[in-house]
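Structure first, then comments.
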Amino acid sequence: MTPPDTLHLFVYGTLKTGYDPHTKLCQPWLHSHQSALAQGRLYHLPMGYPAMTAEEGWVHGELLIFRNPPDTLLDRLDNFEGYYPQLPPDRSAYQRQRILVYDLDRTPLTTAWGYIMSVAMVQQVRGEWLPEGIWNRQTDLRA
């Protein structure tokens, strides 16, 4: 069981370690992280970052574990990801959802928050499917 002061987040793009948004938005409160998998499909978007959809497949990413994060952490992450829970779903780039996260042997680890984009939105922006389920690209995005 997850302690109430712990937040789990599955990331697969610019919030992974090594990218500026991770350093600015996650690192200050990060307790630990590990390589992980989630079920879904991964796309590279023309805007320079990835999107995960709820389709069949596996997405490689990281499980970030925060202990005693500030109350505003999810709000900051939502804003960065373009998720606006007060608006209709079609007005947000992503939806924040609880997803099951697995270790690299596909053994369930925990549930975590993850940012999922609709298949329709990925098609609309002409996302490029990444069949390996891994996104590691240079980016100049700023958090």
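Note that the structure is predicted; figures quoted are calculated from it, not measured. Throughout, numbering of the chain's residues begins at 1 and tracks the sequence. For the numbers below, each heavy atom of this structure counts, side chains included, while hydrogens, waters and symmetry mates do not.
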**Item:** Any residue meeting side-chain contact (heavy atoms from CB on, under 4.5 Å) with Gln95, in chain and number order, not counting sequence neighbours
**Value:** Tyr83, Pro89, Ser92, Gln97
**Prompt:** Which heavy atom of Leu63 sits nearest a heavy atom of Leu109, and at what distance?
**Reply:** CD2-CD1, 4.3 Å
**Request:** Consider only side-chain heavy atoms of I, L, V, M, F, W and Y, link residues closer than 4.5 Å, and tell whether Leu74 and Tyr84 are in one cluster.
**Result:** no
**For the student: nearest non-hydrogen atoms of Lys16 and Glu62, plus distance** = CA-OE1, 3.7 Å
**Message:** Restricting to side-chain contact (heavy atoms from CB on, under 4.5 Å), what partner residues turn up for Leu100, sequence neighbours left out?
**Reply:** Tyr102, Pro108, Thr111
**Shortest non-hydrogen contact from Trp135 toward His44** = NE1-ND1, 2.9 Å
**Asked** Can Arg67 be said to sit on top of Trp29's aromatic six-ring, NZ or CZ under 6.0 Å from centre and within 45° of the ring axis?
**Response** no
**Request:** Working to the nearest 0.5 Å, report the span between NE2 of His31 and NE2 of His8.
**Result:** 9.0 Å
**Item:** Residues that Thr53 engages under side-chain contact (heavy atoms from CB on, under 4.5 Å), provided they are two or more places apart
**Value:** Arg41, Tyr43, Glu55, Val119, Val122
**Asked** Tell me the salt bridge (charged side-chain N to carboxylate O under 4.0 Å, His left out) pairs involving residues 109-133, sequence neighbours left out?
**Response** Glu128-Arg137
**Asked** Regarding Asp78 and Tyr94, is there a side-chain donor-to-acceptor distance under 3.5 Å anywhere?
**Response** no
**Asked** What heavy-atom pair brings Pro50 and Gly13 nearest, and what distance separates the two atoms?
**Response** CG-CA, 3.5 Å
**Prompt:** If every non-hydrogen atom of Leu7 is compared with every non-hydrogen atom of Pro69, which pair is closest and at what distance?
**Reply:** CB-CG, 4.1 Å
**Item:** Separation of Leu73 CG from Leu30 CG (nearest 0.5 Å)
**Value:** 10.0 Å
**Request:** For residues His22 and Val11, determine if any side-chain heavy atom of one lies less than 4.5 Å from a side-chain heavy atom of the other.
**Result:** no
**same_hphob_cluster(Ile134, Tyr12) at 4.5 Å side-chain heavy-atom cutoff** = no
**Prompt:** Does Asp75 offer a backbone N or O that forms a donor-acceptor pair with the side chain of Thr72 under 3.5 Å?
**Reply:** no
**Asked** Which value, rounded to the nearest 0.5 Å, describes the distance between Arg76 atom CZ and Asp71 atom CG?
**Response** 10.5 Å
**Asked** When clusters are formed by joining ILVMFWY residues with side-chain heavy atoms under 4.5 Å apart, either directly or through shared neighbours, do Leu104 and Leu9 land in the same one?
**Response** no
**Message:** Testing the basics here: between Ala93 and Met121, what is the closest heavy-atom pair and its distance to 0.1 Å?
**Reply:** O-SD, 3.4 Å
**Item:** Distance, nearest 0.5 Å, that separates OH of Tyr19 from OG1 of Thr14
**Value:** 8.5 Å
**Pairing residues for Thr107 by the side chain to side chain donor-acceptor pair (under 3.5 Å) criterion, not counting sequence neighbours** = none
**Any side-chain heavy-atom pair of Arg96 and Leu77 under 4.5 Å** = no
**Residue list, side-chain contact (heavy atoms from CB on, under 4.5 Å) with Arg106, at least two apart or on another chain** = Leu37, Trp58
**Asked** From Thr110 OG1 over to Ile99 CD1, what is the distance, rounded to the nearest 0.5 angstrom?
**Response** 10.5 Å
